[in-house]
Amino acid sequence: MRLSSQTFTRFSPSSYPNMTSGSNSLMWFRKGLRIHDNPALEYAAKNSTHVYPLFVIDPHYMKPDPTAFSPGSNLAGLNRIRFLLESLVDLDSNLKKLGSRLLVLHGEPGEVLIRCLKEWDIKRLCFEYDTDPYYQALDAKVQSYALESGIEIFSPVSHTLFNPADIIQKNGGTPPMNCLSFSKIAGEPHWLSSSLSTTPSVIPPVGDVGNCEISEVPTVKQLGYDDIQEDEPPVFKGGESEALRRLRESTNDKKWVATFEKPNTDPSAFIKPSTTMLSPYLKFGCLSSRYFYQCIKEIEKEFKNHTSPPVSLLGQFFWRDFFYTVGFGTPNFDRMRGNKICRQIPWNNDDELLAAWRDSRTGFPWIDAIMVQLRKWGWIHHLARHSVACFLTRGDLFIHWEKGRDVFERLLVDSDWAINNGNWLWLSCSAFFYQYHRIYSPITFGKKYDPTGAYIRHFLPVLKDMPKEYIYEPWTAPLSVQTKANCIIGKDYPKPIISHEIASKECKRKMAEAYDLNKKQNGIVSDEDLQNLRTRVEDQSQATVPRRLKQKLI
DNA sequence: TTGAGGTTGTCTAT
DNA sequence: ATAGACAACCTCAA
């Protein structure tokens, strides 16, 4: 496809009116770890003598954090870091096929980049536009240096289908607040009917790298992750090649693609998961969302009765762009305080309950099994995310969504700033979704997909011999049954940390009080108001939920 | 002001 | 499998 983006940031200093063929270009990779449909790379490859493809290993993202609750950096768990490194190895290999290679440097990306621009006498800097706050701040610094130095910048929008800024402008200055109005404003992407030719055939060679300390793509061990215990092979293999292979595999069954309905997919499917599992590849841009979109569009043409957004496979891309747009247009999107679209809710501060949830010790097998899958795979089904997010926040534990967001951010291979925050806002009924009476049951929700509990048995082997009558509520099994199943509740597997029946009622009442306050005060809730409300609802809660229901954790 | 619609709730009855 | 009760949130269009 000829996906030359019409929406891009470009500064062409007048001191360089003609791009001469004797110029050096730097292609800065961050996301967008691919050679297909990569407008920044394509632009760099044109009319340059030398192209320097660069990736900077950023300690902000990849420095090991020994104090964290699971191996990884303070931002990313090991599964995601490994995925990223594999993606870089694959990118290097794909670049080599085009006569180039990937240059890897270590350090603070802004500083490293500016050093490279000087050292390599770069006249043109190309990188994919990024809406995440971290890159917005970083890119502003780099751009201001480049402008002063007369370096041309080419920064196209190619991570998402649409340019979030365009959507916000079309909507009158604020982001659309639901998926339907987003779709109406967005329409069809302008590049939809562009032809399918995806990869540059050659990239000008890397020039002299001077004094820069170029390294190979490091291994996780070289980055300082020593104690890796691998009991199972990773579920994902990073990289563009694997992404395209999996895309072909996923789109092989055209009828499945055309009749996909997200809400009807099965969160308990683990032998053959019920969705494409391509999200990690989209997150890092190993797979172009626009290319994927075109592939689905082609398939839909063959089926008159194909499904439609928001539930169709194509619809999932609108959700992605929707969250990117709201995230871009909302100050403090990743926080409750200072976030205008976020209901102010007096969440509990209970680290004991939070740790139980995080470490699969809630005593609810459905919840605990999901959290095991999250740690092991770095991926869980969307509805599984709903189940555990609802349980942590408005459904049972009433703990702040930001705490759950941090855990997901760390453990998910596909964790994406806008989408992760957007979904936590959604699930906690803080924004977008407000029907807080609809609470996922930690017992019956999983049961309706998986009545025998195969999913639980797989991820929580301690319960593998528990009869199916008790697998979702093992504390109700008679002691003789527990003994026979080699699983004594309270010893081998925890008792439930709360009563779902009581806790969910309490949560509804607290949500009603919080909504009431937000409405009365028109969303302007001070720290003091919030603390007063917290004291009030907790006092009432003490009256109805005895402390002993928060049983000792194993 | 009113009413319809909102990707993915649960429980019971048919 | 599907329908209605439950108790009732929000936003947006008319």
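So that the names make sense, note that chain A is the first sequence line, chain B the second, and so on, each numbered from 1.
Rounded to whole Å, the distance from CG on A/D516 to P on C/dC9 is 9 Å. Nucleotide C/dA8 holds its P atom 14 Å from the CZ atom of A/R438, rounded to whole Å. A straight line from CD of A/Q435 to C1' of C/dA7 spans 11 Å, rounded to a whole angstrom. Between the P atom of C/dC10 and the CE atom of A/M177 lies a distance of 14 Å, rounded to the nearest Å. Separating the NZ atom of A/K508 from the C1' atom of C/dA7 is a distance of 9 Å, rounded to the nearest angstrom. Summarising the geometry, the separation between OH on A/Y434 and C1' on C/dC12 is reported as 12 Å, rounded to the nearest angstrom. As rounded to whole Å, 16 Å separates atom P of C/dC10 from atom CD1 of A/I341. Taking atom CG of A/L425 as the reference point, atom C1' of C/dC10 lies 15 Å away to the nearest angstrom.
Aromatic pair A/Y440/A/F391: centroids not less than 6.0 angstrom apart. A centroid separation of less than 6.0 Å is found between the aromatic rings of A/F333 and A/W417. For an aromatic pair to be called close, the ring centres must be under 6.0 Å apart, and A/F270 with A/F459 satisfies this. Between A/Y455 and A/W366, the distance separating the two ring centers is shorter than 6.0 angstrom.
At a threshold of 4.0 angstrom between heavy atoms, the contacts of A/H437 are confined to the sugar-phosphate backbone, with no base atom among them. A/Y515 comes within contact range of the sugar-phosphate backbone alone, with a heavy-atom separation under 4.0 Å but no base atom that close. At the heavy-atom level, A/K447 lies nowhere under 4.0 Å from the strands shown. Contact annotation for A/F445: backbone-only contact, meaning every heavy-atom pair under 4.0 Å involves sugar-phosphate atoms and none involves a base. Among the protein residues, A/R343 comes within range of the sugar-phosphate backbone only, with heavy atoms under 4.0 Å from sugar or phosphate atoms but none that close to a base. Here A/I439 lies in heavy-atom contact (under 4.0 Å) with sugar-phosphate atoms only. Heavy atoms of A/K184 sit nowhere under 4.0 angstrom from any nucleic acid atom. Within the 4.0 angstrom heavy-atom criterion, no nucleotide atom of any strand lies near A/E261.
Straight-line distance between the P atoms of C/dA7 and B/dT2: roughly 23 Å, to the nearest whole Å. Separation of the P atoms belonging to C/dA8 and B/dG5 is 22 Å when rounded to the nearest angstrom. Atom P of B/dT7 sits at a distance of 14 Å from the matching atom of C/dA13, rounded to the whole Å.
Both cation-pi conditions hold for A/K510 and A/F398: the charged atom is under 6.0 angstrom from the six-membered ring centre and inside a 45 degree cone around its axis. Relative to the six-membered ring of A/Y515, A/R343 meets both conditions, a distance below 6.0 Å and an angle of at most 45° to the axis.
Partner A/W426 forms a ring-ring contact (aromatic ring centres under 6.0 Å, His included) with one of A/W319, A/Y434, A/W401 and no other, that one being A/W319. Test A/F284, A/F328, A/Y129, A/Y324 against A/H159 for ring-ring contact (aromatic ring centres under 6.0 Å, His included) and you get one pass: A/Y324. Put simply, the residue from A/D266, A/T275, A/T265 that forms a side-chain hydrogen bond (donor to acceptor under 3.5 Å, both in side chains) with A/H381 is A/T265.
Heavy-atom contacts of chain A under 4.0 Å fall on DNA chain B between two terminal nucleotides, which in 5' to 3' order are B/dG6 to B/dC11.
Helical stems in DNA chain C, defined as runs of 3 or more consecutive Watson-Crick or G-U wobble pairs with donor-acceptor distances under 3.5 Å: B:1-6 with C:9-14, B:9-14 with C:1-6.
Separating the OH atom in A/Y135 from the CD atom in A/E128 is a distance of 10.5 Å, to the nearest 0.5 Å.
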